[in-house]
Amino acid sequence: MDIIVESITKKYGTQKAVDNVSFNVKTGEILGFLGPNGAGKTTTMRAITCFLMPNAGDIKVGGISIKENPEEIKKNIGYVSENNPLYKEMPVIDYLYFIAELHNIPKNKIKDRILEIINLCGIEGEKHKKISELSRGYQQRVGLAQALIHDPKVLILDEPTAGLDPNQIVEIRDLIREIGREKTVILCSHILAEVEATCDRILIINKGKIVADGTSRDLRKQSQGREIIKVTIEDGDVNDIFKSLQALPNVKLVDILSKGDCQFEVQSKPETSSRKDIFKLCVDKKWSLTELTPTETKLEDVFRELTMN
Ligand code: ATP
């Protein structure tokens, strides 16, 4: 089920929490929605899930507008909110029964559906325990189970691995990927590794506006135009090499990575390359150039660059 967000704006007083935001998500796609604190992620998700109405713009889920039939849209959406609120005094199985009834799943089908979802979410061994007795990872699984019980076509997850240990994180990510094969999934996070490991596509929002949209590879490329190279030069004086590298016309910045090994990181000015100049410099000075390796831009750098202002 496709989601089409069309120029939505949501204001709180005079502040625009979301400012003319548009994007699409296709069936079977896992979209990572990334942004720093206060960027507008939750507000956007609340608009898609019909918990709030934007001041301007529209959202269509499966072709239905949030303005026309929000109740129909809600039927097709499973939502795990940031703090994963659950009735913690209830045993897992009773809680899921209660949620299934809320979704009007026919009584004769509830038992089978619960068993199916318990199996999918890997909570078979915990189903008779009170939710409060479960570890955070298992509580998160119960959150996913309640969001999936009515077999929604769209799944929205806000910070699904917050507070989990590394093993639990890997398990929940695997589970999301498994679920994501058949559904449209939006995963909100400010954890870059999470989004990169789980999502097909990444959208970055900053101060209510979309600042990037693409695969992690696309985003790295988008922010490029800037060459960073690791350089090792032997048979010369480290300070002399440093100064000579800095004096090259296209070089913006030189960092010494290791004085002993004469290893540097050289950043070129935007849209330029320093590789040939470095090679010529070494020939002229009779230094031995033993390494000249381009460094890939990290997604962290892209994120910082796009959200620092
Ligand atoms: P976080 O990662 O911290 O959860 P977020 O990206 O989800 O942040 P939002 O919760 O959407 O950001 O908030 C966007 C902006 O809107 C923030 O400046 C926030 O203070 C403001 N905001 C959100 N909800 C309300 C509200 N109910 N009343 C007033 N301002 C709000």
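All ligand and atom numbering here is 1-based and tracks the order in the structure. Only this structure's heavy atoms are used, side chains among them; waters, hydrogens and symmetry mates stay out. Everything numeric in this text was worked out from a predicted model, so none of it was measured.
Taking 4.0 Å as the cut-off between side-chain N and carboxylate O, Lys183 and Asp151 count as a salt-bridged pair. A salt bridge links Glu71 with Lys74; the closest basic N to acidic carboxylate O contact falls under 4.0 Å. A salt bridge links Glu171 and Arg141; the closest N-O separation between the charged side-chain nitrogens and carboxylate oxygens is under 4.0 Å. In summary, Lys130 and Glu133 do not engage in a salt bridge, as defined by a charged side-chain N under 4.0 Å from a carboxylate O.
Taking hydrophobic clusters as Ile, Leu, Val, Met, Phe, Trp and Tyr residues chained together by side-chain heavy-atom distances below 4.5 Å, Ile179 does not share a cluster with Val25.
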N/O contact list for ligand 1, threshold under 3.5 Å:
| unit_1 | atom_1 | unit_2 | atom_2 | d |
| --- | --- | --- | --- | --- |
| ligand 1 | 2 (O) | Asn37 | ND2 | 3.3 |
| ligand 1 | 2 (O) | Lys41 | NZ | 2.8 |
| ligand 1 | 3 (O) | Asn37 | ND2 | 2.9 |
| ligand 1 | 3 (O) | Gly38 | N | 3.3 |
| ligand 1 | 6 (O) | Ala39 | N | 3.1 |
| ligand 1 | 6 (O) | Gly40 | N | 2.9 |
| ligand 1 | 6 (O) | Lys41 | N | 2.9 |
| ligand 1 | 6 (O) | Lys41 | NZ | 2.9 |
| ligand 1 | 7 (O) | Thr42 | N | 2.9 |
| ligand 1 | 7 (O) | Thr42 | OG1 | 2.6 |
| ligand 1 | 8 (O) | Gly38 | N | 2.8 |
| ligand 1 | 11 (O) | Thr43 | N | 2.9 |
| ligand 1 | 11 (O) | Thr43 | OG1 | 2.5 |
| ligand 1 | 12 (O) | Gly40 | N | 3.2 |
| ligand 1 | 18 (O) | Gln15 | NE2 | 2.8 |

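Ring geometry, Phe51 versus Tyr79: the interplanar angle falls from 30° to 60°, so the pair is classed tilted.
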